[in-house]
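Taking it in order: structure first as structure tokens, then the write-up.
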Amino acid sequence: MDAMSSPKPSSTQARHRTGRLIVGLSALLSLLATSTLGVTPARADEAVVPESGSFTISGAGFGHGWGMSQYGAYGAAKKGLSWKQILAFYYPGTTLDTLKTGSKIKVWITADSDNDLRVMPAKGLVLTDAAGGSFALPTGSTYKTWRVTRSGDGLQLHYRTASGTWAKQTTTLGTGTWTFANAAKLVRVQLPSGTSKEFRGTVAFVKRDVGGRTVNRLSMEDYLKSVVPSEMPTSWAADGVRTQAVAARTYAARIQAGAGSAYDICDTTACQVYSGYSSISSGGSRRLHETSGGNAAVEATAGTIVRYGSGIALTQFSSSNGGHSAQGDYPYLSAHEDPYDSVVTSNAWTRTITAKSLANVWPSVGTARQLQVTKRDGDGRWGGRVTSIKIIGSKKSITVSGVSFQRTFGMRSNLFTVKGGTAITAAPVAVRPGKAYAAFPRSYHSANRAELLMINSAGKLVRYPVAASGALSKGKTLASGFGSYTHVLNAGDWNGDGYQDVIARTAGERLLLFRGDASGGLKTGVDMKLRSNHTSLTSVGDFNGDRRPDLVVVSNSGNLYLVLGNGKTGFAGFTKLATGWGGRDWMRSPGDISGDGRPDLITRVGDRLYLHKGTNKSFSKPVVLGWSGWSRVAAITSIGDFDGDKRADLLARNANSQLVLYRGSGKGTLLPAKTLPNTYPNLRFAL
């Protein structure tokens, strides 16, 4: 879901009069949903030079533009469309249906991040376990706060006394999930920040590794009473708010259908925003998150969801589409003109970007001399959204995706144009290609030296070359905009041009191939035409002997599949390799760690690390590679031969953000660990 700051109507917007609905509404909706009038074919723009050291960016819209425009829903409602008509416009070809009465949803409360669950005492507060056991929590001045923590494989209950110390409370509850509930069905959770939140329904502590997560279980309708005001001002036109209620309900139901058992959905913009019933400051002031307008919208559309065929639609939405929706992953997320998006307020914006700031982000270009939009999607003004843009410098040129450029500079969307004079582009500095279709070493700038890929907190994909000493050299940005991808894979040279590539999975479950190029950067992501809803996926190198890199994935039902590369930018087919892989995590391919010439896999179960040796048809039964302590390791990855001894190695990051090298013996075992210098906090490995 596209993260958005809730749009706030200004006084000018509030004064807009409601227009009359024109005759022939259904015909108009059909026309607009399929119209291609005004669409300019995808093309490259002329290169632009800075004026007074800066580039001027003129843009439209706020967000990715897929599905519903929230300002558009507001504008359509002001024009007289009902919420059902608005949904039909933004999700053409869909139908409305009703969820099962009493539907529940489990929400991961991400702000409670300290691996315990603290709940304030209340009348009738009860703690239950997964087997049906219960413990009535006493009240009175002795009990200031209740706390559930991990205790080995089980859980432990404590209470904070009047003196501020924690005392153990004995219970007969089992070792499974513990859940707080009370008669008021409103549980108050104390957060690590010192503030607290009230949640409708129940609040549970779900075990995870050596800690746990806080999960709020409540009815779908109560959940929406918090979501709708968090995503849209509920003072807006009633039918616009009702449209938001249905879109949010459908999105939650869709995500829930593919979720695991611990929780269904998170509470942030990574899913959709859920704020709970109320927030209480450390000083005691209380702020309600539900509103009368939001509650009315939820009740008016009770249980209604959007379907496409027999499935639940992915009802994505963003603040504004700039007057033209973008083509999403499904037929009902179509690209079409939107006459409602600018009814209430202008969707235009501008931004100034200095040449100096471009050089700061991409120092390898030297002095940034020109910008050139090299490709657009063809849908909307200026020829459509920018899919790739080139930064042309005194030393080299780098091409990045339009979304990466947008996010790097905090722009509202990738629907924009660059203003300035024309110029001649400079030739990029050449990078020597390596062997075609090679999977190892993972190298994005030199064909002979391994490089570690990591994504930083700003979403930048950073490569760290391995120095001759065995340490990592200073990181260099390879591309931006990778923070929103659920998986980022070292793909090997997928298309056979001699440059290592990257595969990323979007939140919409698309796989994109980012091809390495002769400038040492990555080209714009290419849709690989595969919807990936798999629980695990990794690049395995050439598994079937056709000299092309492949993927290995685990389906939701726990089946292991080989996904064959086609030597270009897509896939040649699937092969089911095994069943029973659902309980394994950290699936990685280190290359040939056993020394038999075939690619292997590594997985983790609990506290143990396992090696799955590649065979001519599948992978052999797992053998223990590491006995204990692996549940305390934050992550693992492999770039093949790290230290140059021609044996596959394993790299881990511990809880202290240090990198630990486990050298491969070449015989299917790991040599003693070696901690590398420096720490790497707030980074995640490419897989």
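None of the values given here were measured: they were computed from a predicted structure.
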Check the angle between the aromatic planes of Trp362 and Phe405 and answer parallel, tilted or perpendicular using the 30° and 60° thresholds. parallel
Is it the case that Arg254 places NZ or CZ above or below the six-membered ring of Tyr330, under 6.0 angstrom from the centre and within 45 degrees of the axis? yes
Crowded around Lys476 NZ? As in, over 12 foreign heavy atoms under 6.0 Å? no
How many angstroms lie between atom CG of Leu530 and atom CG of Leu512, to the nearest 0.5 angstrom? 11.0 Å
Between Glu451 (side chain) and Val462 (backbone), is there a donor-acceptor pair under 3.5 Å? no
If you define the side chain from C-beta out and look only at heavy atoms, does anything of Leu461 sit under 4.5 Å from Leu453? yes
Spell out, as yes or no, whether a donor-acceptor pair under 3.5 Å connects the side chain of Gln327 to the backbone of Leu333. yes
Would you indicate whether the side-chain heavy atoms of Leu676 and Gln658 approach each other to under 4.5 Å? no
Evaluate Ile593 against Leu670 for side-chain contact (heavy atoms from CB on, under 4.5 Å), listing each step before the verdict. CA-CA 9 Å; Ile593 203 166; Leu670 298 177; 3.8 Å; yes
Taking Asp592 for the side chain and Pro599 for the main chain, is one N or O donor matched with an acceptor at less than 3.5 Å? no
Under a 3.5 Å distance rule, please check whether Asp209 uses its side chain to pair with a backbone N or O of Gly211 as donor and acceptor. no
Just so I know, are the side chains of Ile389 and Leu371 near enough to count as touching, which here means a heavy-atom distance under 4.5 Å? yes
Ignoring hydrogens and geometry beyond distance, is a side-chain donor-acceptor pair present between Thr110 and Asp267 at under 3.5 Å? yes
Side chains of Lys395 and Val365: does their closest heavy-atom pair fall under 4.5 Å? no
Nearest 0.5 angstrom please: Asn559 CG to Leu577 CG, how far? 10.0 Å
Does the ring centre of Phe416 sit less than 6.0 Å away from the ring centre of Phe409? no
Determine yes or no for a side-chain-to-main-chain donor-acceptor pair under 3.5 angstrom, with Ser539 supplying the side chain and Leu551 the backbone. no
State, with a plain yes or no, whether a side-chain heavy atom of Arg598 is found less than 4.5 Å away from one of Asn616. yes
One should read off an interatomic distance between Arg548 CZ and Phe571 CZ, to the nearest 0.5 angstrom, of 13.5 Å
Is it the case that the side chain of Gln372 and the backbone of Asp45 share a donor-acceptor pair, with hydrogens and angles ignored and the cut-off at 3.5 Å? yes
Does Arg547 make a cation-pi contact with Tyr437, if we ask for NZ or CZ under 6.0 Å from the ring centre and within 45° of the axis? no
Working for salt bridge (Lys or Arg N to Asp or Glu O under 4.0 Å), residues Lys523 and Asp517: CA-CA 7 Å; Lys523 296 179 181 179; Asp517 61 24; over 6 Å; no
Starting at CZ of Arg385, measure out to CG of Asp379 and round the result to the nearest 0.5 Å. 7.5 Å
Regarding Ser594 and Asp600, is there a side-chain donor-to-acceptor distance under 3.5 Å anywhere? yes
Between the side chain of Ser404 and the main-chain N/O of Val400, is any donor-acceptor distance below 3.5 Å? no
Please test Val107 against Asp264 for side-chain contact (heavy atoms from CB on, under 4.5 Å), starting from the C-alpha separation and ending with a verdict. CA-CA 6 Å; Val107 189; Asp264 299 323; over 6 Å; no
Tyr499 and Trp494: aromatic ring centres closer than 6.0 Å? no
His612/Thr603 under side-chain hydrogen bond (donor to acceptor under 3.5 Å, both in side chains): CA gap, chis, key distance, verdict: CA-CA 8 Å; His612 307 258; Thr603 63; 2.7 Å; yes
Distance from Thr637 atom OG1 to Arg653 atom CZ, nearest 0.5 Å? 10.0 Å
I'd like to check Trp108 versus Val206 (side-chain heavy atoms, cut-off strictly below 4.5 Å). Are they in contact? no
Considering only heavy atoms from C-beta outward, does the side chain of Asp550 approach that of Asp542 to under 4.5 Å? yes
Look at the side chain of Asn414 and the backbone N and O of Gly402, then say whether any donor-acceptor pair between them is shorter than 3.5 Å. no
Modelled atom types, side-chain donor and acceptor of Arg588 and Thr538, under 3.5 Å: no
Classify the side-chain pair Thr524/Thr387 by whether it contains a donor and acceptor separated by less than 3.5 Å. no
With heavy-atom distances below 4.5 Å as the criterion, would you say the side chains of Phe619 and Val540 are in contact? yes
Evaluate Asp501 against Arg515 for salt bridge (Lys or Arg N to Asp or Glu O under 4.0 Å), listing each step before the verdict. CA-CA 5 Å; Asp501 306 320; Arg515 295 158 294 168; over 6 Å; no
Supply the atom-to-atom distance Lys375 NZ to Lys390 NZ, rounded to the nearest 0.5 angstrom. 14.0 Å
Ring-ring centroid check His534 Trp581, cutoff 6.0 Å: no
